[in-house]
Amino acid sequence: MTSAQKITFPQFSGLRCLMMPYIQGDAASVPDEYQSYADILRSVFLKKGDIGYLTIDESVVVAGTPHRGARAKASRALHTEVGRLPNKIYCWGSGGGWGNKHNVTLDGSVEVLLANNLDDSCALWNATHHDTSVDGDIGHEAARYPYRDAVMMKAGEVHKIGILTPHESLPVKETTARQFLRIISSGVHGREPYFTINPILAAA
Ligand SMILES: [Fe+2]
């Protein structure tokens, strides 16, 4: 788990894409509507020239709730990026509810870059949670990850984690326009219906 880089987010515009494939380091590989992130896309990558998967989530978060806690079944939105079944690693295990089919598998070596625009709205733990749940929610194991051991991400910091690194989207203190950036490396196989289609790559 490292943080070497700092970025400045563009002006908030409610921009969103989910797991959109693109070429890491190449801003021309994403459609025009995402060009406000061009500088960030050029400078933030795991491996330049490789396929990557881009998530941008700009939305208003209501005071007292976490931005990205939709999966959480416990009081803390503590999770690993993927869920896991015996012998296989799955992305968001339940398959997005489409007949509980597992559409996506990931290589164990997949890495993740995270950044957001709000101090202390995401906590990371320097650990690997091998026995994660089917959908990655590990809120029931929260006692293993007290906040005193956490790295609290600061605005604009880019942190690299693994797919089994425990992390938590924290409730925000005030209602805030939050910007979230995630880049996932190559090694993702298959797609879920909700992944954003990139017409530039789809045409290639
Ligand atoms: Fe996450």
Side-chain angles (χ1 to χ4, degrees), residues 1-3 9 12 14 16-19 53 55-86 88-98 100-104 106 108 110-184 192-195:
M1 198 166 67
T2 54
S3 172
F9 279 86
F12 181 92
R16 243 182 150 219
C17 60
L18 296 172
M19 287 293 289
Y53 297 86
T55 296
I56 295 170
D57 185 359
E58 298 192 337
S59 45
V60 174
V61 192
V62 176
T65 65
H67 187 190
R68 303 197 37 93
R71 257 182 301 169
K73 293 185 276 292
S75 60
R76 284 174 53 186
L78 180 68
H79 63 282
T80 56
E81 211 59 4
V82 301
R84 188 172 204 177
L85 289 178
K88 279 194 172 176
I89 292 175
Y90 293 103
C91 184
W92 306 295
S94 65
W98 287 59
N100 266 4
K101 215 166 122 252
H102 298 282
N103 294 316
V104 176
L106 292 94
V110 167
E111 292 182 309
V112 181
L113 296 174
L114 292 177
N116 71 79
N117 70 333
L118 185 65
D119 283 351
D120 305 326
S121 59
C122 182
L124 310 172
W125 283 264
N126 198 0
T128 304
H129 195 100
H130 291 284
D131 54 336
T132 191
S133 65
V134 170
D135 67 358
D137 181 357
I138 53 170
H140 58 288
E141 305 252 38
R144 286 169 65 177
Y145 302 108
Y147 293 126
R148 67 173 179 276
D149 296 341
V151 173
M152 291 289 172
M153 285 178 63
K154 299 298 176 189
E157 285 180 359
V158 180
H159 287 260
K160 181 164 82 175
I161 65 170
I163 54 176
L164 295 174
T165 302
H167 59 291
E168 179 176 345
S169 191
L170 299 168
V172 300
K173 291 181 183 70
E174 291 167 16
T175 296
T176 312
R178 189 170 185 262
Q179 294 167 294
F180 169 86
L181 171 77
R182 182 183 64 192
I183 293 170
I184 293 189
E192 295 278 2
Y194 61 84
F195 287 8

Original post:
So S121 and R178, side-chain contact (heavy atoms from CB on, under 4.5 Å) or not? Walk me through it.
Top reply: CA-CA 9 Å; S121 59; R178 189 170 185 262; 2.9 Å; yes

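- Listed for the N117 side chain is no donor-acceptor partner under 3.5 Å among the backbone atoms of A155.
- Atom NZ of K73 has more than 12 neighbouring heavy atoms from other residues, nucleotides or ligands inside a 6.0 Å radius.
- Counting only distance, with no hydrogens or angles, the side chain of T55 and the backbone of M19 share a donor-acceptor pair below 3.5 Å.
- Across all their heavy atoms, S133 and D137 have their closest contact at OG-O, 2.7 Å.
- Between D57 and R182, none of the side-chain N atoms (NZ, or NE/NH1/NH2) sits under 4.0 Å from a carboxylate O, so this pair counts as no salt bridge.
- Nearest heavy-atom pair, Y194 versus L18, reported as atom, atom and distance to 0.1 Å: O-CB, 4.0 Å.
- Contact check for E81 versus T165: no side-chain heavy atoms found under the 4.5 Å cut-off.
- Nearest heavy atoms, I163 versus T80: O-CB, 3.6 Å.
- A salt bridge between D119 and K154 is absent, with no side-chain N of the basic residue lying under 4.0 Å from a carboxylate O of the acidic one.
- Here the shortest heavy-atom pairing between H130 and R84 reads O-NH1, 3.4 Å.
- The minimum heavy-atom distance between A63 and T175, with the atom names listed, is N-OG1, 3.0 Å.
- A cation-pi contact links R76 to Y147, judged by a cut-off of 6.0 Å to the six-membered ring centre and 45° from its axis.
- Between the CG atom of L124 and the CG atom of D149 there is a distance of 13.0 Å, given to the nearest 0.5 Å.
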Original post:
Step by step, would you call L181 with N116 a side-chain contact (heavy atoms from CB on, under 4.5 Å)?
Top reply: CA-CA 6 Å; L181 171 77; N116 71 79; over 6 Å; no

Subject >> Worked verdict on V172 versus E174 for side-chain contact (heavy atoms from CB on, under 4.5 Å) >> reply: CA-CA 6 Å; V172 300; E174 291 167 16; over 6 Å; no

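- Put simply, CD on Q179 and OG1 on T176 are 11.0 Å apart, with the number rounded to the nearest 0.5 Å.
- A salt bridge links E141 and R144; the closest N-O separation between the charged side-chain nitrogens and carboxylate oxygens is under 4.0 Å.
- Remark: I184 CD1 to L113 CG distance equals 9.5 Å, nearest 0.5 Å.
- At least one side-chain heavy atom of H167 sits under 4.5 Å from a side-chain heavy atom of I161.
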**OP:** Start with the C-alpha gap between T132 and L164, add the side-chain angles, then the distance that decides, and say whether side-chain contact (heavy atoms from CB on, under 4.5 Å) holds.
**Re:** CA-CA 7 Å; T132 191; L164 295 174; 3.8 Å; yes

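- The main-chain N or O of P146 is found under 3.5 Å from a side-chain atom of W125 such that the two form a donor-acceptor pair.
- Here the closest heavy-atom approach between residue I138 and residue P166 is recorded as CD1-CB, 4.0 Å.
- Side-chain N or O atoms of H129 include none that pairs as donor or acceptor with a backbone N or O of A127 at under 3.5 Å.
- Using cut-offs of 30° and 60° for the angle between ring planes, the H67 and F180 rings count as perpendicular.
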